[in-house]
Amino acid sequence: METINIVLGIIASILSISAIVFSKKVSNDNKRIEQYLKQELNVTLDSSKKEVLFSKKATSGDNGTSIIGDNNKYNGGK
């Protein structure tokens, strides 16, 4: 029973180390892709400026009309 625990511990250690190595590789690939997009296609991926879909709020206008968006105005009337 003790040898099974040792073998399982070794397998868990190998899996942990390989997960760290693969995550580092993926991180490097992502950085390289971001650099390519920025240099060749002039696309920036700045996460601080990304708008989240849920950040937009509906404001109720005249006659119960709801408007979703940034600085939208409802100038309707009767």
Side-chain angles (χ1 to χ4, degrees):
M1 190 67 170
E2 187 175 319
T3 57
I4 292 175
N5 287 338
I6 292 172
V7 170
L8 290 176
I10 291 172
I11 292 172
S13 297
I14 291 171
L15 289 175
S16 297
I17 292 170
S18 63
I20 292 170
V21 170
F22 289 135
S23 68
K24 179 65 175 160
K25 182 179 177 186
V26 169
S27 176
N28 289 340
D29 289 343
N30 286 341
K31 287 179 184 177
R32 200 173 36 181
I33 291 170
E34 285 182 14
Q35 286 177 347
Y36 173 78
L37 288 174
K38 187 174 182 180
Q39 291 174 354
E40 299 294 327
L41 302 176
N42 199 19
V43 175
T44 58
L45 300 174
D46 188 9
S47 62
S48 65
K49 293 183 180 179
K50 287 184 182 175
E51 285 189 11
V52 179
L53 179 63
F54 302 111
S55 68
K56 299 204 180 244
K57 296 181 180 178
T59 56
S60 181
D62 296 336
N63 301 324
T65 304
S66 295
I67 300 170
I68 298 176
D70 294 331
N71 298 324
N72 289 336
K73 302 291 183 200
Y74 178 73
N75 292 328
K78 294 182 179 180

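Just so it is clear, the model here is predicted, and its values are computed rather than measured.
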**Prompt:** For Ile11, which fellow cluster members are found when Ile, Leu, Val, Met, Phe, Trp and Tyr are connected by side-chain heavy-atom distances below 4.5 angstrom, either directly or through intermediates?
**Reply:** Val7, Leu15

**Qualifying side-chain hydrogen bond (donor to acceptor under 3.5 Å, both in side chains) pairs with a residue from residues 18-31, counting only residues at least two apart or across chains** = Asp29-Arg32

**Message:** My understanding is that only residues two or more places apart in sequence, or in another chain, count here; which of them pass side chain to side chain contact (heavy atoms under 4.5 Å, CB included) with Leu8?
**Reply:** Ile4

